[in-house]
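Side-chain atoms are counted along with the backbone in the values below, which use heavy atoms only and exclude waters and symmetry mates.
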Amino acid sequence: MKLGLVPLLFCLVFPLLNPAPLQAEQAAPPGEFRGLAWATELRNIPDMVPVPARNCKDTYFRKNEELTFGKAEIESVAYYFADDKLYGAGVAFKGETNLFMIKDSLIQLYGPGRQAGTKYGWMWKGFSLVVDYDGETGLGSVNYRYEPPSAKSWKRPDILEEQEGE
């Protein structure tokens with residue numbers, strides 16, 4: 001009977017002494033999107049075309065963009081700039097099948113994210129990645145947002161307001 005107690009105690013006490021192996025480390029945030037490093041200057045990115053809509057200032061798309069995300073089919077990709085530096089990207093998609101493939105691809109890269117309402121995502125210091133899907137319309141998006149340590153020097157009001165509110 002005493003021999004059976006030792007392995008049981010070992011199983012109960014050992015994890016308390018060495019918890020690190022039981023905790024999964026979060027993967028590093030994406031350092032780039034589709035081969036473009038965050039904060040890359042607009043002038044250094046070929047084939048960028050401004051989105052012509054009036055409310056899309058500093059938003060661009062790339063000519064001949066591949067409309068896939070892993071195995072998912074997507075509708076469009078937008079690139080967001082502040083002071084002519086890449087700070088974000090958005091991917092639009094349709095359908096639950098594409099939602100599943102996109103989330104699966106991202107979970108493979110970054111591990112499990114967190115669910116909040118219709119949003120599923122990952123947060124790091126200075127970076128967020130969010131998948132959103134509206135089951136009624138069948139429309140979804142993936143949004144990458146880089147917030148450099150020097151965001152105040154970028155003079156981007158929406159970034160500053162969020163940072164000050166945290």
TODO: Report the residues that fulfil side chain to side chain contact (heavy atoms under 4.5 Å, CB included) with Ala37, sequence neighbours left out, ordered by chain and then residue number.
DONE: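 Listed in chain order: Thr40.
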
Task: Sequence-distant partners of Phe61, side chain to side chain contact (heavy atoms under 4.5 Å, CB included), two or more places apart - done: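 If we apply the side chain to side chain contact (heavy atoms under 4.5 Å, CB included) test to Phe61, skipping adjacent residues, the hits are Val49, Val51.
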
If you define the side chain from C-beta out and look only at heavy atoms, does anything of [X] sit under 4.5 Å from [Y]?
X      : Y      : value
Leu99  : Val131 : yes
Leu42  : Tyr60  : yes
Ile74  : Glu65  : no
Leu106 : Leu129 : yes
Asn98  : Glu75  : no
Glu66  : Thr68  : yes

Task: Nearest non-hydrogen partners of Pro30 and Tyr110, listed with the distance - done: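 Closest approach of Pro30 to Tyr110, heavy atoms only: CG-OH, 3.2 Å.
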
Open item on the list: Give me the atom names and distance for the closest heavy-atom approach of Ala78 to Thr59.
Closed with: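 For Ala78 versus Thr59, the nearest heavy atoms are CB-CG2, 4.0 Å.
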
Open item on the list: What I want to find out is whether Glu73 reaches Lys94 closely enough, with some N-O distance under 4.0 Å, to be called a salt bridge.
Closed with: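 No, no charged N to carboxylate O under 4.0 Å.
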
Open item on the list: Can you tell whether the side chains of Glu147 and Arg145 come within less than 4.0 Å, N to carboxylate O?
Closed with: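 Yes, Glu147 and Arg145 are salt-bridged.
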
Task: Where at least one partner belongs to residues 41-51, residue pairs that pass side-chain hydrogen bond (donor to acceptor under 3.5 Å, both in side chains), sequence neighbours excluded - done: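 Sorted pair list: Glu41-Arg43.
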
Open item on the list: For residues 115-126, which residue pairs pass the side-chain hydrogen bond (donor to acceptor under 3.5 Å, both in side chains) check, not counting sequence neighbours?
Closed with: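 For residues 115-126, and leaving out neighbouring residues, the side-chain hydrogen bond (donor to acceptor under 3.5 Å, both in side chains) pairs sorted by first residue read Thr118-Asp132, Lys119-Asp132.
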
To the nearest 0.5 angstrom, please state how far the [atom1] atom of [X] sits from the [atom2] atom of [Y].
X      : Y      : atom1 : atom2 : value
Tyr133 : Lys103 : OH    : NZ    : 11.0 Å
Tyr80  : Leu86  : OH    : CG    : 11.0 Å
Ile107 : Ile102 : CD1   : CD1   : 12.0 Å

Are [Y] and [X] connected in a single hydrophobic cluster, I mean Ile/Leu/Val/Met/Phe/Trp/Tyr linked by side-chain heavy atoms less than 4.5 Å apart?
X     : Y      : value
Ile45 : Tyr79  : yes
Val91 : Leu109 : yes
Phe81 : Phe127 : yes

Open item on the list: Donor-acceptor check, side chain of Asp134 to backbone of Glu136, threshold 3.5 angstrom: yes or no?
Closed with: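 Checked: pair present.
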
- [ ] List, by chain and number, the other hydrophobic cluster members for Met123, where Ile, Leu, Val, Met, Phe, Trp and Tyr join if side-chain heavy atoms come within less than 4.5 Å, directly or indirectly.
- [x]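 Besides Met123, the cluster holds no residue at all.
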
Open item on the list: Clusters formed by hydrophobic residues whose side-chain heavy atoms approach within less than 4.5 Å: which one holds Phe100, and what are its other members?
Closed with: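 Its cluster partners, ordered by chain and number, are Met101.
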
- [ ] Mind running ring pair (Phe, Tyr, Trp, His ring centres under 6.0 Å) on Phe33 and Tyr144 for me, showing each step along the way?
- [x] CA-CA 8 Å; Phe33 178 76; Tyr144 293 76; 4.7 Å; yes

Open item on the list: Centroid separation under 6.0 Å, is that true for the rings of Tyr146 and Tyr87?
Closed with: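 No, too far apart.
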
Open item on the list: side chain to side chain contact (heavy atoms under 4.5 Å, CB included), that's the test. Do Lys63 and Met48 meet it? Break it down for me.
Closed with: CA-CA 7 Å; Lys63 292 180 184 177; Met48 284 291 184; over 6 Å; no

